[in-house]
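The basis for the numbers below is simple: all heavy atoms, side chains too, and nothing from hydrogens, waters or symmetry mates. Predicted, not measured: the structure shown is a model, and the values here were computed from it. Just so we're on the same page: letters track the sequence lines, and every chain starts at 1.
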Amino acid sequence: MSEIVKRDFPELLATKARDEEKRLPDLPNVEKGGVVMRMAPSPSGPLHIGHARMAILNDEYLRRYGGKLILRIEDTNPANIELDAYQMIQEDLRWLGVNFTDLVIQSKRFDLYYSEMKKLIEAGNAYVATTPTEEFKSNKQRGLPIRERDETPEENLERWEKMVSGGYEKGEVYAVVKTDLNHPNPAIRDFIAFRVIDTPHPLEGDKYRAYPMMNFSVAVDDHYLGLTHVIRGKDHIANTEKQKYIFGYRDWKLPYYLHYGKVSIEHTILKTSLIKKGIRSGEFSGWDDPKLGTLVAFKKRGFDPLAIRKYYVESGIGSVDTTFSWEIFYSFNRKIIDSRSPRHFFVNQPVSLKFDFEGTLRADIPLFPQTSQSGEHRNRSYTVGKGTIIITSQDHQKFDGELVRLKDLGFFKIESSRIEYIGASINEDVQKWNPNKPLGKVPIIHWLSGNEIPFKVTKPDGSEDTGMIERDAVNYLGTVHQFERYGYVNVLNEKEGYFTHP
RNA sequence: GCUCCGGUAGUGUAGUCCGGCCAAGCAUAUCGGCCUUUCGAGCCGACGACCCGGGUCCAAAUCCCGGCCGGAGCACCA
């Protein structure tokens with residue numbers, strides 16, 4: 001049976017394979033009401049292509065199961081907060097098509113963190129220490145307690161109250177959640193849950209001095225927000241182990257944890273601190289500079305957010321570390337935008353050729369070759385006569401002395417700084433110039449003649465291509481064009497565009 | 001150093017939990033062909049992988065052991 005299919009109907013097999021969309025695996029323990037999940041970025045800057053994996057994965061499962069997807073902004077480190085980021089993160093998510101159902105800001109929840117910590121101390125599951133941290137660390141390495149660990153809850157509670165009310169200076173005190181001093185992994189042994197910070201919080205000012213550490217606030221919030229599933233990067237595996245101790249002390253039901261592998265993204269800049277520095281120094285034009293891996297930069301380069309979604313859905317949730325494949329990502333984006341991208345000629349590094357010709361030639365070039373999809377049938381129409389014809393210097397060097405076809409205009413012969421018309425279609429004249437090659441092999445190149453304006457394309461590596469573009473292109477500003485034989489470019493205004501991808 | 005985790009074509013993945021339908025699927029890239037008017041598009045085809053070595057088994061990408069390689073964590077960051 002399958003042999004017959006293979007032999008007589010190979011197209012059936014091909015079609016079937018192509019239609020199989022890759023699907024994320026199902027989540028375990030999903031109940032009737034759906035899932036409750038969260039995305040937990042820190043507001044240090046806008047989201048980048050690395051964050052997008054976390055957002056897409058969570059959103060895909062929300063779409064499948066229904067329920068809640070909480071955006072929880074983790075702003076418990078005032079040194080690392082960019083005030084604009086609270087807003088930028090939400091805009092980035094909207095652009096990605098990720099619909100969070102709730103917004104939670106951790107700096108509004110200090111009272112909850114304080115009362116929860118107090119309960120842990122009262123139960124003897126946490127302590128407050130003034131022992132130098134060097135001793136705390138070295139004792140942990142050897143599996144030994146520091147003095148305060150063995151003191152009574154009352155003594156620790158006293159220090160806790162003093163810590164919360166501002167009775168200690170920065171660096172003088174810290175609060176610790178007990179785990180297991182003999183845990184085989186030293187990284188899991190007793191961890192710091194609170195510290196004193198005296199730099200003002202951008203939202204809360206100097207209202208609080210005792211700040212929770214991520215492992216503490218995350219555990220408390222994951223419980224009180226009712227999370228059923230936590231999907232995050234595997235750099236959090238050790239954190240999950242620590243957080244589980246708090247769940248255990250309070251007898252809370254654990255969410256289901258899933259840790260995906262690290263994606264390293266080459267040839268782009270993601271680190272917020274570097275971006276901020278570069279913006280200040282003028283190296284980057286802003287958060288959306290084309291050299292950056294931020295989502296706003298992706299938007300400005302003309303990527304469709306669906307390409308990002310497809311990329312991460314196809315990557316799955318495996319725990320293997322991977323390298324982001326620009327090639328594959330570009331291909332996904334190309335398939336999405338190709339049919340809606342108007343075609344135009346951009347002549348990079350232009351060369352003007354003298355054209356002596358009696359009479360005029362007419363070119364009618366489709367703007368959207370795939371009219372069935374775009375619904376637009378318009379042509380760019382030009383008349384060409386005596387004067388100059390512009391082609392790229394690259395084509396000029398390559399085809400000097402040879403027959404070429406200027407796309408949608410006709411056959412021409414290039415003779416150093418001149419160009420000569422041979423004919424509109426394949427005829428005797430054309431064949432005469434093309435004795436050794438099959439007729440279909442005449443190279444087709446793009447051109448301009450009397451319809452050009454200067455244009456600049458900025459590439460993601462920061463380099464620029466300058467040349468001439470069809471005047472018609474400015475009728476389609478703010479959209480991605482296919483510059484024929486060059487690549488896709490988001491045309492920002494009449495003078496310049498950002499290179500999207502080949 | 002300690003504790004974990006992982007290694008499928010150039011790249012991204014499916015399959016690994018519950019061994020046989022996997023002489024390993026898909027995508028992307030590359031190469032070739034088709035297309036008298038774009039292309040890095042489309043269509044067709046080719047190329048190309050189970051980290052290494054043992055073991056268990058009728059049968060191993062899948063289970064076990066060892067090795068090698070890679071990654072993560074060991075912050076008063078998240």
Side-chain angles (χ1 to χ4, degrees), chain A residues 2 10-11 14 16-18 20-23 25 40-44 74-77 79-80 106 129 133 136-137 140-141 170-176 183-189 191-197 210-215 217-218 232-242 259 261-264 310-316 318-332 334-335 338-339 341 343-345 363 365-366 369-370 405-411 424-427 430 438-446 482-488 501-502:
Chain A
S2 70
E11 67 281 2
K16 183 171 177 261
R18 230 185 318 283
E20 275 171 16
E21 276 289 312
K22 199 150 278 184
R23 193 171 185 274
S42 65
S44 52
E74 306 208 328
D75 58 346
T76 52
N77 179 13
N80 193 30
Q106 286 194 317
T133 45
F136 173 66
K137 282 185 204 167
K140 271 205 297 185
Q141 285 302 320
K170 177 180 178 233
E172 225 179 8
V173 69
Y174 49 97
V176 181
H183 195 287
N185 184 354
I188 308 295
R189 297 174 193 164
F191 63 90
I192 295 180
F194 280 86
R195 53 165 165 176
V196 171
I197 292 181
Y211 277 73
M213 301 292 292
M214 178 264 248
N215 277 310
S217 53
V218 162
R232 54 177 168 176
K234 74 179 191 185
D235 48 323
H236 286 293
I237 287 178
N239 290 323
T240 299
E241 290 309 306
K242 295 179 192 178
H259 298 98
K262 182 191 173 189
V263 189
S264 42
K310 183 172 167 62
Y311 185 86
Y312 281 129
V313 168
E314 297 229 346
S315 293
S319 61
V320 285
D321 298 332
T322 59
T323 304
F324 186 81
S325 171
W326 289 99
E327 245 175 27
I328 290 175
F329 176 65
Y330 286 167
S331 166
F332 289 167
R334 190 150 48 223
K335 285 193 170 74
D338 184 64
S339 66
S341 302
R343 268 56 174 173
H344 284 106
F345 291 158
I365 317 174
Q370 301 92 328
R405 184 186 289 175
L406 297 189
K407 184 175 180 291
D408 297 295
L409 191 63
F411 291 90
S425 60
I426 292 170
N427 55 31
V430 171
L439 283 170
K441 296 290 183 189
V442 178
I444 300 161
I445 66 173
H446 58 294
Q482 190 201 101
F483 288 174
E484 302 191 33
R485 304 211 312 134
Y486 176 79
Y488 294 83
H501 51 64

Would you mind pulling out the nucleotide paired to [N], Watson-Crick or G-U wobble, both distances under 3.5 Å?
{"N": "B/A61", "answer": "none"}
{"N": "B/U36", "answer": "none"}
{"N": "B/G45", "answer": "B/C31"}
{"N": "B/A72", "answer": "B/U3"}
{"N": "B/C22", "answer": "none"}

For nucleotides [N] and [M], find the distance between their [atom1] atoms and express it as a whole number of Å.
{"N": "B/G10", "M": "B/C31", "atom1": "C1'", "result": "14 Å"}
{"N": "B/C63", "M": "B/G7", "atom1": "P", "result": "10 Å"}
{"N": "B/U11", "M": "B/G20", "atom1": "P", "result": "27 Å"}
{"N": "B/A14", "M": "B/G25", "atom1": "C1'", "result": "6 Å"}
{"N": "B/G19", "M": "B/C58", "atom1": "C1'", "result": "12 Å"}
{"N": "B/U30", "M": "B/G12", "atom1": "C1'", "result": "16 Å"}
{"N": "B/C4", "M": "B/U8", "atom1": "C1'", "result": "23 Å"}
{"N": "B/G67", "M": "B/C22", "atom1": "C1'", "result": "27 Å"}

Rounded to the nearest angstrom, tell me the gap between atom [atom1] in [X] and atom [atom2] in [N].
{"X": "A/Gln482", "N": "B/G40", "atom1": "CD", "atom2": "P", "result": "10 Å"}
{"X": "A/Ile444", "N": "B/G40", "atom1": "CD1", "atom2": "P", "result": "10 Å"}
{"X": "A/Asn80", "N": "B/A75", "atom1": "CG", "atom2": "C1'", "result": "13 Å"}
{"X": "A/Arg405", "N": "B/C35", "atom1": "CZ", "atom2": "P", "result": "12 Å"}
{"X": "A/Lys242", "N": "B/C74", "atom1": "NZ", "atom2": "P", "result": "6 Å"}
{"X": "A/Glu314", "N": "B/U28", "atom1": "CD", "atom2": "C1'", "result": "10 Å"}
{"X": "A/Lys234", "N": "B/G7", "atom1": "NZ", "atom2": "C1'", "result": "10 Å"}
{"X": "A/Ile328", "N": "B/A14", "atom1": "CD1", "atom2": "P", "result": "12 Å"}

Closest contact, heavy atoms only, [X] versus [Y]:
{"X": "A/Gln482", "Y": "A/Ser341", "answer": "N-CB, 3.8 Å"}
{"X": "A/Pro184", "Y": "A/Pro186", "answer": "O-CD, 3.2 Å"}
{"X": "A/Glu74", "Y": "A/Val218", "answer": "OE2-CG2, 3.4 Å"}
{"X": "A/Gln106", "Y": "A/Asp75", "answer": "N-OD1, 3.5 Å"}
{"X": "A/Ile444", "Y": "A/Lys407", "answer": "CG2-CB, 3.8 Å"}
{"X": "A/Lys242", "Y": "A/Asn215", "answer": "CD-ND2, 3.6 Å"}

Using a cut-off of 4.0 Å on non-hydrogen atoms, how would the nucleic acid contact of [X] be classed: base, sugar-phosphate, or nothing?
{"X": "A/His236", "value": "base"}
{"X": "A/Phe332", "value": "sugar-phosphate"}
{"X": "A/Lys140", "value": "nothing"}
{"X": "A/Gly171", "value": "base"}
{"X": "A/Asn215", "value": "nothing"}

Please find out if less than 6.0 Å separates the ring center of A/Phe324 from that of A/Tyr311.
->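 They qualify: ring centres under 6.0 Å apart.
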Selection from [options] that lies nearest to any side-chain heavy atom of [X]:
{"X": "A/Lys335", "options": "B/A27, B/G6, B/A78", "answer": "B/A27"}
{"X": "A/Ser42", "options": "B/G7, B/A78, B/G12", "answer": "B/A78"}
{"X": "A/Thr322", "options": "B/C76, B/G12, B/A78", "answer": "B/G12"}
{"X": "A/Asn77", "options": "B/G7, B/G73, B/A78", "answer": "B/A78"}

Distance check: side-chain N/O of [X] vs OP1/OP2 of [N], anything under 4.0 Å?
{"X": "A/Lys262", "N": "B/A72", "result": "yes"}
{"X": "A/Thr76", "N": "B/A78", "result": "yes"}
{"X": "A/Thr133", "N": "B/A75", "result": "no"}
{"X": "A/Thr323", "N": "B/G12", "result": "yes"}

Presence of donor-acceptor pair under 3.5 Å, side chain of A/Glu327 and base of B/G10 |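 Donor-acceptor pair under 3.5 Å: yes.
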Taking N and O atoms by type only, does the side chain of A/Arg485 place a donor or acceptor under 3.5 Å from a partner on the base of B/U38?
->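 No pair found.
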Restricting to nitrogen or oxygen on both sides, can you table the protein-nucleotides 2-4 of chain B pairs closer than 3.5 Å?
unit_1	atom_1	unit_2	atom_2	d
B/U3	O2'	A/Asn185	ND2	3.3

Stepwise, does the side chain to side chain contact (heavy atoms under 4.5 Å, CB included) test hold for A/Asn77 with A/Met214?
-> CA-CA 9 Å; A/Asn77 179 13; A/Met214 178 264 248; over 6 Å; no
With sequence neighbours excluded, residues passing side-chain contact (heavy atoms from CB on, under 4.5 Å) with A/Leu409 =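 Per chain and number, A/Leu409 pairs via side-chain contact (heavy atoms from CB on, under 4.5 Å) with A/Leu361, A/Ala363, A/Val384, A/Leu406, A/Phe412, A/Trp447.
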Along RNA chain B (nearest heavy atom to each residue), the more 5'-positioned of A/Ser331 and A/Lys407 |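 So the residue in question is A/Ser331.
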Residue that, paired with A/His501, satisfies ring pair (Phe, Tyr, Trp, His ring centres under 6.0 Å) out of A/Tyr330, A/Phe329, A/Trp326 =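 Considering A/Tyr330, A/Phe329, A/Trp326, a ring pair (Phe, Tyr, Trp, His ring centres under 6.0 Å) with A/His501 is found only for A/Tyr330.
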